[in-house]
Asks: 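Handing you a structure now.
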Amino acid sequence: MTTNGFPNQTPRNATPPGSASSGSTGRTRHSHKEKTYNVNFSAKAAGGDAGGSSSGGGGGASAADRHQGDRLIHAIERIEFRSDKDILALAKAINHLGRELYLILGMRAEELNGVLSQYKGKWYTFGTQSRIKARLVSAHLKVSAEAAKALGVGALKMAHAFDRHFVKPEQEAKQRRNGKTARPTFTIGED
């Protein structure tokens, strides 16, 4: 034991103290039997550095380096409000982003549930218990997927409210000013 309370440990490729440096390194390492997955959270930017540093409003990466979600967000950011068509385009773009996120997060939640339900932990973690815990963990991601779906639906509701509160009254006022009557409404049983 050392003075800090931890046992003496040798570096991976070093020989233990007091042993001859013949072909053996002393300790053997056992490989871990489960699979390891590498996940990259950031892509290399155009300048060669990772981390997503941008040199302007459009981002540092080229269009080919962007993920589809990045492309959708970039399209949403670029919309300038000059007419009613721009507001409708914004609603459609946000709806598309929400649907994509809903699908991606839903699939990832199912994948996470599958991976965690097969987890074999310590002796006191039983199979049924890990499946229940996996469902509890993946349920949080499913809630996020539902929130993304609500994002898309909210964008469509925003477009409908814009149409109802701004576009329709202006069209009706223009028709009254020109002397035209409004389109007849749908009725049942009345002539």
Side-chain angles (χ1 to χ4, degrees), residues 1-17 19 22-54 58-77 90-158:
M1 286 281 211
T2 60
T3 58
N4 61 4
F6 295 107
N8 289 331
Q9 293 183 355
T10 59
R12 290 183 181 166
N13 295 328
T15 59
S19 68
S22 59
S24 172
T25 60
R27 294 185 185 200
T28 60
R29 294 185 52 90
H30 298 287
S31 63
H32 197 256
K33 302 293 184 198
E34 295 178 16
K35 292 181 181 179
T36 302
Y37 298 99
N38 293 327
V39 179
N40 294 329
F41 291 105
S42 63
K44 286 202 171 202
D49 58 353
S53 63
S54 63
S62 66
D65 293 339
R66 286 197 185 107
H67 185 270
Q68 183 175 357
D70 294 338
R71 183 176 48 84
L72 292 172
I73 291 171
H74 185 68
I76 291 170
E77 290 174 343
L90 175 73
K92 287 179 182 178
I94 292 173
N95 182 31
H96 188 68
L97 176 67
R99 284 187 292 142
E100 287 292 322
L101 276 174
Y102 172 70
L103 291 174
I104 291 169
L105 292 176
M107 287 188 292
R108 296 300 288 188
E110 292 298 324
E111 182 181 357
L112 181 66
N113 187 18
V115 169
L116 292 178
S117 64
Q118 296 174 359
Y119 175 70
K120 304 290 185 231
K122 305 290 183 189
W123 61 270
Y124 50 82
T125 305
F126 301 106
T128 306
Q129 190 177 17
S130 69
R131 285 192 291 272
I132 293 170
K133 289 179 181 179
R135 266 184 288 176
L136 291 173
V137 171
S138 67
H140 290 286
L141 197 54
K142 288 181 183 178
V143 167
S144 298
E146 291 296 324
K149 185 178 181 181
L151 170 78
V153 171
L156 292 180
K157 287 182 178 181
M158 180 268 305

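Positions are given from 1, in the same order as the sequence printed here. On a predicted model such as this, the values are computed, not experimentally measured, just so you know.
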Asks: Can I get a per-line list of side-chain donor-acceptor pairs under 3.5 Å for residues 98-105, giving both atom names and the distance, sequence neighbours left out?
Replies:
{"unit_1": "R99", "atom_1": "NH2", "unit_2": "H96", "atom_2": "ND1", "d": "3.4"}

Asks: Which atom pair, heavy atoms only, marks the closest approach of S138 to A109?
Replies: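 Result for this residue pair: CB-O, 3.4 Å.
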
Asks: Taking salt bridge (Lys or Arg N to Asp or Glu O under 4.0 Å) as the cut-off, I'd like each qualifying pair that reaches into residues 141-152, sequence neighbours left out, listed once.
Replies: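 Listed by first then second residue: E110-K142.
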
Asks: What verdict does the side chain to side chain contact (heavy atoms under 4.5 Å, CB included) test give for N113 and R135, after you've listed the backbone C-alpha separation in whole Å, the side-chain angles of each residue and the deciding distance to 0.1 Å?
Replies: CA-CA 6 Å; N113 187 18; R135 266 184 288 176; 3.9 Å; yes

Asks: Working to the nearest 0.5 angstrom, can you tell me the gap between M158 CE and N95 CG?
Replies: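 Spacing of CE (M158) from CG (N95) equals 10.0 Å.
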
Asks: At what distance, to the nearest 0.5 angstrom, does CG of L90 lie from CD1 of I76?
Replies: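 It is 6.5 Å, given to the nearest 0.5 Å.
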
Asks: Excluding sequence neighbours, so at least two apart, what forms side chain to side chain donor-acceptor pair (under 3.5 Å) with R108?
Replies: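 Per chain and number, R108 pairs via side chain to side chain donor-acceptor pair (under 3.5 Å) with E111.
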
Asks: Provide the closest heavy-atom pair for A134 versus S117 in the form atom of the first, atom of the second, distance.
Replies: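 Looking at all heavy atoms of both residues, the shortest contact is CB-N, 3.5 Å.
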
Asks: To the nearest 0.5 Å, how far apart are CG in L72 and CD1 in I94?
Replies: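 Going from CG on L72 over to CD1 on I94, the span is 11.0 Å.
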
